[in-house]
Amino acid sequence: MAPPERGALSYRTSGPTKRDSESGSVSSDEQYDPRAVQDKWQARWAELEPFTAVETDDGRERRYALDMFPYPSGDLHMGHAEAFAIGDVPARFWLQQGHNVLHPIGWDSFGLPAENAAIKRDSHPAEWTYANIETQAASFRRYAPSFDWSRRLHTSDPEYYRWTQWLFLRFYERGLAYRKGGHVNWCPKDQTVLANEQVVGGHCERCGALVEKRVLTQWYFKITDYADRLLDDMAGLEGHWPERVLLMQRNWIGRSTGADVDFTIEGRDEPVTVYTTRPDTLYGATFMVVAADAPLADEICAPEQRAAFEAYRDEVSRESEIERLSTEREKTGVFLGRHAVNPVNGERIPVWASDYVLAEYGHGAIMAVPAHDQRDLDFALKFGLPVRVVVDTGRPDPAETGVATAGDGALVNSGPIDGLPKAGAIARITEILDERGTGRASVNYRLRDWLVSRQRFWGCPIPIVHCESCGEVPVPDDQLPVRLPEGLRGADLAPKGTSPLAAAADWVDVPCPKCGVAAKRDTDTMDTFVDSSWYYFRYCSPGYEGGPFDVEQVRRWMPVDQYTGGVEHAILHLLYSRFFTKVLYDMGMVDFTEPFKRLLNQGQVILNGAGMSKSTGNLVDLGEQIAEFGVDVVRLAMLFSGPPEDDIDWADVSPHGMQKFLARVHRIASEVTSPVGADPATGDATLRRATAHAVSEATTLVGSQRFNVAIARIMELVTATRKAIDSGAGPADPAVREAAEAIALLLSLFAPYTAEEAWEVLGRTAPVITAGWPSADPALLVEESVTCVVQVAGKVRDRLDVPPSVAADELERLALASPKVQEALGGAGIAKVIVRAPKIVNIVPQR
RNA sequence: GCGGGCGUGGCGAAAUGGCAUACGCGGCAGGUUUAGGUCCUGUUGGUGGCGACACCGUGGGGGUUCGAAUCCCCCCGCCCGCACCA
């Protein structure tokens, strides 16, 4: 439908209200239209700047409300609308509570889509990127989150990425950024490498292409050095971050404890070390398995098995990730023609190669204990290798059943550790290995170092120069930023497996900063997750030129009080940001180790039970919704539909209901006739209590992020106020003004335009956002009487109006005196009476 | 397979040991209106009854308790994460 012209619709401010005092009904031909007031308040906010955070101390407490900054992929969509509506609530709440609030906005503006668009349109990624940013910025202004626009940043600005490079160099100095060769994930579509975190189920997280393995030399951040701290510091986030995010990070880091055991290899000087979480089963090891793609397998393979091994290895290298990932696939492998010697019993065991052992984990080799590990058992049964039980779990023989026994029990066939339980045996055997120098306790992680280099153009250049005589040479700080080369555009950026930057000869060729001879720049750019790992620090002092951030400002604002964003970043962005924060702590630049105190993951906006997508046409357009209903309605519908963490199916959302509610709010404001400042103490006591309750509960509910229930409380207050106007105290009662003002103040968090308008209609001048947060008079929260429920055998039989302070024995007497209770008892004796004054009495009859 | 979460009216959801279904949508009835829409009022878990009421009811079964949507055990269903990590 075509939206009415903006501003053409009138809304009632004081016009004639036909009121039928007999029925209490009111009719109206005109209805308040939230769209009509949007431009007016946008202009007022732009002029008054109520959302600008104050850098210097002004006595107010500081709060930092952060939303995950957007990628400028196009205009804002329903997902943004939900996330930013949710993130705006605490920011406005704190502001109205009188705090100095930092609520910034910026753009994560490096990344592949811009580059792909540039290739397609024969243009430069910056054109597409910055045009989209302007589109989103304009939409944001209308959508009206309480942003401090003065702190706006873009990660693709040289003023920003200068400091991304600076941080890279600090990491480099600390040995936390390094280059190494090895197997890497390669996306054949995007023509670039990917971090482990960006591979989901064997596919590229971004484009969905099947990821391949390649052997390449790449830049890494040594996040594994921080594995323990990343894991252990999560204890402090417990209860403040969603449990599932913590769980996902724990699983991702995947710490396991066990032991390294050295096996000698016949005909090899050096022993081979294996990692096991079950050193207690060492006597049950009947063979060893080496990862087929590990150099070790190639090295120790005996000549007579070489042909078989190489054939197998080629087969493995051809097989795709899909095959590797299929669950019920048969074990494969090949004997390497060698034997290893078990360090505790001197037993000779054959060494095999297989793809079920991963080259990158542990030492790329394992001791196989088929009786107590299902994978090893599958392998043993397939190739006829022996199975020896060493833990008596009381379960049937795995060799017979094909089911490995992983449980606890007494050790058997295990020499010095016979009879010990699992835990005791692990401790003892580790000691024995230690004494003999053939093993030691060990910890392993699933987490790998973070691969940060990318063979694409639109990212932050890696500030390193490669010199034939000096090797890797960091670009000196005073030569930062290393800007992206000019002149590359369109087809120049097409992916070709090496970085497009390499084609910019005049950019690549530079003198070595150290020795001055001809050298070449590193042509890779950084993963965009590097850019987003520190942007929230930059917000604290966005124009700062002495470093990535002003240490003093960060000390003032951080850590972030609430971070709002999607759960899709549960591992990637949030793990990297936690890592960066810990490194900055070690550098002495910040005095905290966790960046985000509280995390809220909003749900997704879906339609008809399925995710929205352009290709299927299952789409709701934010712009159309706003044109039809207005910003306030969209925001309120998002927030009212359910808990913020839950998905919203737009098919279940009722914008019309929200529209009706906002019109009711506006009309109440317009009907108030008492003057500003009228003393509410003289007003209707019932309505005053309703107001006090709504204020008190809404405050608690907003604080615990239960926005949908908070809105329900405001709705109840609106209904109570309507009743008071129509059939109670009347529009001139000061309690009605008090209620109407409270409604405007509370509603400001959820429907800011209507709240401002109502506030003005009530004769108030300051913007409502600066008018404070209402407080409830405790005296009004105490009820004059409460309803006590009287149960007989757990069923409600009567209700009594009693004072809240009623004594237990008095209440019991009243309850027993009730005719309804006596009737329900039917003459039966009383076994017991439970009294919870003043709410409930439960009488248990004898039976 | 392993781990975690969830299951409440026609629908989105409230209630975290004490009146189940707040609030909203949708429905129904009435009022206002030339009419429609808007707006206002009432009503709306099921079964039975003219009715006051009665009984049943939070996925299913069992348990703890004076009292369970809420806590415990088993089962069913759905969602999410991980998935050869030795």
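Letters A, B, ... are given to chains in the order of the sequence lines, protein chains preceding strands, and every chain is numbered from 1. Since the structure is predicted, the reported quantities are computational estimates derived from the model, not experimental observations.
The partner of B:U41 is B:A29, by the rule that a Watson-Crick or G-U pair needs both atom distances under 3.5 Å. Nucleotide B:G17 is matched to nothing when pairs are restricted to Watson-Crick or G-U wobble geometry with both distances under 3.5 angstrom. With a cut-off of 3.5 Å on both Watson-Crick or G-U wobble distances, the partner of B:A35 is given as none. Across the strands present, B:A54 finds its partner in B:U47; the criterion is a Watson-Crick or G-U wobble pair with both atom distances under 3.5 angstrom. Nucleotide B:A83 forms no Watson-Crick or G-U wobble pair with any nucleotide shown, as no partner meets the under 3.5 Å limit on both distances. Under the Watson-Crick or G-U wobble criterion, with both distances below 3.5 Å, B:G77 is paired with B:C6.
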Quick one: what's the B/S/- string for nucleotides 68-73 of chain B, heavy-atom cutoff under 4.0 Å, read 5' to 3'? ------
In 5'-to-3' order, the base (B), backbone-only (S) or no-contact (-) status of each nucleotide in nucleotides 9-14 of chain B, using a 4.0 angstrom heavy-atom cut-off, is --SBSS
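When the nearest nucleotides of RNA chain B are assigned to A:Ser256 and A:Lys820 by heavy-atom distance, the more 5′-ward of the two goes with A:Lys820. Of the two residues near RNA chain B, A:Leu247 and A:Val844, the one whose nearest nucleotide lies more 5' is A:Leu247.
At a threshold of 4.0 angstrom between heavy atoms, the contacts of A:Gly657 are confined to the sugar-phosphate backbone, with no base atom among them. Residue contacts shown for A:Lys795 are limited to sugar-phosphate atoms, with no base heavy atom under 4.0 Å away. Across all strands, A:Asn251 comes closer than 4.0 Å to no nucleic acid atom at all (heavy-atom distances). Across all strands shown, A:Met658 has heavy atoms under 4.0 Å from sugar-phosphate atoms exclusively, and none from any base. Using a 4.0 Å heavy-atom distance criterion, A:Arg799 is classed as a base contact. Across all strands, A:Glu243 comes closer than 4.0 Å to no nucleic acid atom at all (heavy-atom distances). Contact annotation for A:Arg250: no contact, since no heavy-atom pair falls under 4.0 Å across all strands.
Salt bridge status for A:Arg440 with A:Asp262: present, with a side-chain N to carboxylate O gap under 4.0 Å. In summary, A:Glu812 and A:Lys832 do not engage in a salt bridge, as defined by a charged side-chain N under 4.0 Å from a carboxylate O. Taking a cutoff of 4.0 Å between a charged side-chain nitrogen and a carboxylate oxygen, A:Arg713 and A:Glu716 qualify as a salt bridge.
Put simply, A:Arg722 has no side-chain N or O that comes within less than 4.0 Å of OP1 or OP2 on B:U41. Within the structure, every side-chain polar atom (N or O) of A:Lys839 is placed at least 4.0 Å from both OP1 and OP2 of B:G67. In this structure, A:Lys832 reaches the B:C66 phosphate: one of its side-chain N or O atoms is under 4.0 Å from OP1 or OP2. Contact between the side-chain N/O atoms of A:Tyr356 and the OP1/OP2 oxygens of B:A86 is not found at any separation under 4.0 Å. Taking only side-chain nitrogens and oxygens, A:Thr719 never comes nearer than 4.0 Å to OP1 or OP2 of B:C23. Regarding contacts with the backbone of B:C25, a side-chain N or O of A:Lys660 is found under 4.0 angstrom from either OP1 or OP2. Taking side-chain N and O atoms only, A:Arg667 has no distance below 4.0 Å to OP1 or OP2 of B:U38.
In this structure, the OH atom of A:Tyr361 is 17 Å from the P atom of B:C82, given to the nearest Å. Between the CH2 atom of A:Trp352 and the P atom of B:A86 there is a distance of 23 Å, given to the nearest Å. One atom, NE2 of A:His203, and another, P of B:A83, lie 13 Å apart when rounded to the nearest Å. What separates CG of A:Leu662 from P of B:C39 is a distance of 12 Å, to the nearest Å. The interatomic distance linking A:Ile714 (CD1) with B:A22 (P) rounds to 19 Å, in whole Å.
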Run the side-chain donor-acceptor check on residues 642-651 of chain A: report pairs under 3.5 Å with partners two or more places apart or on a different chain.
unit_1   : atom_1 : unit_2   : atom_2 : d
A:Asp647 : OD1    : A:Gln604 : N      : 2.7
A:Asp649 : OD1    : A:Asn608 : N      : 2.8
A:Asp649 : OD1    : A:Ala651 : N      : 3.1
A:Asp649 : OD2    : A:Asn608 : N      : 3.4
A:Asp649 : OD2    : A:Gly609 : N      : 2.7
A:Trp650 : NE1    : A:Gln625 : OE1    : 3.3

Contacts table for residues 365-374 of chain A: side-chain donor-acceptor under 3.5 angstrom, sequence neighbours left out:
unit_1   : atom_1 : unit_2   : atom_2 : d
A:His372 : ND1    : A:Thr405 : O      : 2.8
A:His372 : ND1    : A:Thr405 : OG1    : 3.0
A:His372 : NE2    : A:Val390 : N      : 3.0
A:His372 : NE2    : A:Val391 : N      : 3.1
A:Asp373 : OD1    : A:Arg375 : N      : 2.9
A:Asp373 : OD1    : A:Arg375 : NE     : 3.1
A:Asp373 : OD1    : A:Asp376 : N      : 3.1
A:Asp373 : OD2    : A:Arg375 : NH2    : 2.5
A:Gln374 : OE1    : A:Ala404 : N      : 2.8
A:Gln374 : NE2    : A:Asp378 : OD1    : 3.0
A:Gln374 : NE2    : A:Gly402 : O      : 3.0

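With C1' as the reference atom, B:C76 and B:C25 are 31 Å apart, rounded to whole Å. Rounded to the nearest Å, the gap between the C1' atom of B:G7 and that of B:G60 is 12 Å. B:A52 and B:U64 have their C1' atoms separated by 37 Å, given to the nearest Å.
The distance from atom CD1 of A:Ile711 to atom CG of A:Leu749, rounded to the nearest 0.5 Å, is 9.0 Å.
Listed by first then second residue, pairs satisfying side chain to side chain donor-acceptor pair (under 3.5 Å) with a partner in residues 274-285 of chain A read A:Ser256-A:Tyr275, A:Arg278-A:Asp280, not counting sequence neighbours.
Annotated as anti: B:G60, whose glycosidic dihedral deviates from 0 by more than 90°.
By the 6.0 Å contact criterion, CD on A:Glu243 is enclosed, its count of non-hydrogen atoms from other residues, nucleotides or ligands being greater than 12. By the neighbour-count criterion of 12 heavy atoms within 6.0 Å, atom CZ of A:Arg255 is densely surrounded, having more than that number from other residues, nucleotides or ligands.
Between A:Phe707 and A:Phe640, the gap from one ring centroid to the other reaches at least 6.0 Å.
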Test salt bridge (Lys or Arg N to Asp or Glu O under 4.0 Å) on A:Glu360 and A:Arg446; report intermediate values, then the result. CA-CA 9 Å; A:Glu360 305 90 40; A:Arg446 216 186 76 119; over 6 Å; no
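For A:Arg313, the salt bridge (Lys or Arg N to Asp or Glu O under 4.0 Å) partners two or more places apart in sequence, or in a different chain, are A:Asp298.
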